[in-house]
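As structure tokens, the structure follows; a few thoughts come after it.
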Amino acid sequence: MINILAVENDRQKSSVIYSALSDRSRYHLAIVDSGYTAIEAIGLKKFDLIIIERDLSFLSGLKTARSLRKRLSDNISPFVIIGDGFEEQEAEDFISTGVFDFWEPPLSIQRIRLTAESVANGWRSPNDNLKNFGEYLERLGR
């Protein structure tokens, strides 16, 4: 079972994430709509993957990622950030929190599942996820 926390305040994106990870025998998905709620959630459960919307209300995606990483300290749960058009400095700021991948809308159900499966299969580094996604696209002929 892969425990996943999605911090997403957009209903359409939440719906895509839910659709991709609705197999309850494989995934346990918790979706919250604010950084503050995410901080509370990680105090209650260990998550294998954390998906964070960049443009959250009240507590931004970057501040949420920083707060979560500080609280997780020795736990290396991978983060994914969702947003449009990341500037270089912003991407570097996110990477410093331990973010290993950036998803730009529209979200891909295949990409979401691939990321979850990479975590389940012993994800070790950001390069693992990007390499696996490239191989997956090659198999599809894209």
Side-chain angles (χ1 to χ4, degrees), residues 1-24 26-140 142:
M1 176 85 53
I2 306 165
N3 291 312
I4 302 168
L5 175 63
V7 189
E8 179 57 72
N9 60 358
D10 179 280
R11 289 184 194 265
Q12 186 175 16
K13 292 176 195 168
S14 293
S15 178
V16 173
I17 293 168
Y18 179 81
S19 294
L21 303 173
S22 61
D23 179 353
R24 293 180 189 263
R26 187 89 181 117
Y27 311 110
H28 178 264
L29 175 64
I31 301 177
V32 298
D33 64 359
S34 77
Y36 295 113
T37 309
I39 292 166
E40 290 176 20
I42 64 161
L44 302 173
K45 185 173 192 135
K46 180 190 179 303
F47 292 96
D48 303 304
L49 173 64
I50 301 173
I51 303 165
I52 305 169
E53 169 66 44
R54 175 179 69 187
D55 300 320
L56 293 170
S57 304
F58 307 112
L59 189 63
S60 73
L62 181 58
K63 288 181 182 176
T64 297
R66 285 179 176 153
S67 295
L68 292 175
R69 185 56 65 207
K70 182 186 267 186
R71 283 173 174 70
L72 292 170
S73 62
D74 60 343
N75 180 338
I76 60 164
S77 298
F79 291 173
V80 172
I81 299 297
I82 301 170
D84 286 316
F86 292 92
E87 298 293 327
E88 185 176 340
Q89 182 58 53
E90 182 184 27
E92 288 176 12
D93 290 343
F94 273 114
I95 289 168
S96 73
T97 70
V99 168
F100 77 93
D101 203 0
F102 297 88
W103 293 345
E104 292 195 3
L107 297 181
S108 159
I109 287 177
Q110 294 84 1
R111 182 72 184 260
I112 295 167
R113 287 181 182 156
L114 178 69
T115 301
E117 291 305 315
S118 293
V119 169
N121 293 325
W123 176 89
R124 298 285 182 259
S125 75
N127 291 332
D128 288 345
N129 185 52
L130 299 175
K131 177 183 168 211
N132 291 340
F133 186 62
E135 291 172 0
Y136 175 76
L137 290 178
E138 284 179 26
R139 284 194 305 271
L140 292 177
R142 295 183 187 170

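Heavy atoms of other residues, nucleotides or ligands lying less than 6.0 angstrom from NZ of Lys46 number more than 12. In this structure, Glu104 places its CD atom where more than 12 heavy-atom neighbours from other residues, nucleotides or ligands lie under 6.0 Å away. Within 6.0 Å of CD on Gln89 lie more than 12 heavy atoms contributed by other residues, nucleotides or ligands. Sparse packing is recorded around CD of Glu88, with 12 or fewer heavy atoms of other residues, nucleotides or ligands lying under 6.0 Å away.
The minimum heavy-atom distance between Ser67 and Ile39, with the atom names listed, is CB-CD1, 3.6 Å. Residues Phe47 and Ile4 approach most closely at CD2-C, 3.5 Å, considering heavy atoms. Nearest heavy-atom pair across Ile82 and Pro105 is CG2-CG, 4.3 Å. Here the closest heavy-atom approach between residue Pro78 and residue Val119 is recorded as CG-CG2, 3.8 Å. Of all the heavy atoms in Asn9 and Ser57, the pair that sits closest is ND2-N, 3.3 Å. Contact record, Ala38 with Val7: CB-CG2, 3.5 Å, taken as the closest heavy-atom pair.
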- Show the numbers, then the answer: is there a side-chain contact (heavy atoms from CB on, under 4.5 Å) between Phe79 and Phe94? CA-CA 9 Å; Phe79 291 173; Phe94 273 114; over 6 Å; no
- When you look at Ser34 and Thr37, which way does the side-chain hydrogen bond (donor to acceptor under 3.5 Å, both in side chains) test go after all the steps? CA-CA 5 Å; Ser34 77; Thr37 309; 2.8 Å; yes
- Verdict with supporting geometry, Leu5 and Leu49, side-chain contact (heavy atoms from CB on, under 4.5 Å): CA-CA 6 Å; Leu5 175 63; Leu49 173 64; over 6 Å; no
- side-chain contact (heavy atoms from CB on, under 4.5 Å) between Thr97 and Leu62, intermediate numbers included: CA-CA 8 Å; Thr97 70; Leu62 181 58; 4.2 Å; yes
- Given side-chain contact (heavy atoms from CB on, under 4.5 Å), test Ile112 with Trp103 step by step and report yes or no. CA-CA 9 Å; Ile112 295 167; Trp103 293 345; 3.6 Å; yes
- Going through the distances and angles, do Arg54 and Asp84 end up as a salt bridge (charged side-chain N to carboxylate O under 4.0 Å, His left out)? CA-CA 9 Å; Arg54 175 179 69 187; Asp84 286 316; 5.7 Å; no
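Put simply, the side chain of Arg26 does not reach to within 4.5 Å of the side chain of Leu21, judged on heavy atoms. Contact annotation: the side chain of Ile109 never approaches that of Ile17 to less than 4.5 Å [non-hydrogen atoms, C-beta and beyond]. With contacts defined as side-chain heavy-atom distances shorter than 4.5 Å, the pair Lys63/Leu56 does not qualify. Proximity of Ile50 to Val80: side-chain heavy atoms (C-beta onward) are nowhere separated by under 4.5 Å.
Taking CZ of Arg71 as the start and CD of Glu40 as the end, the distance is 10.0 Å to the nearest 0.5 Å. To the nearest 0.5 Å, atoms CZ (Arg66) and OG (Ser96) are separated by 6.0 Å. In this structure, CG on Leu114 lies 9.0 Å from OG on Ser108, to the nearest 0.5 angstrom.
Formation of a donor-acceptor pair under 3.5 Å by the Ser19 side chain with backbone atoms of Ser15 is found in this model. Side-chain atoms of Asn3 do not come within 3.5 Å of backbone N or O of Asp48 as any donor-acceptor pair. Counting only distance, with no hydrogens or angles, the side chain of Glu53 and the backbone of Asp55 share a donor-acceptor pair below 3.5 Å.
Residues Glu117 and Tyr27 bring a donor and an acceptor atom of their side chains to less than 3.5 Å of each other.
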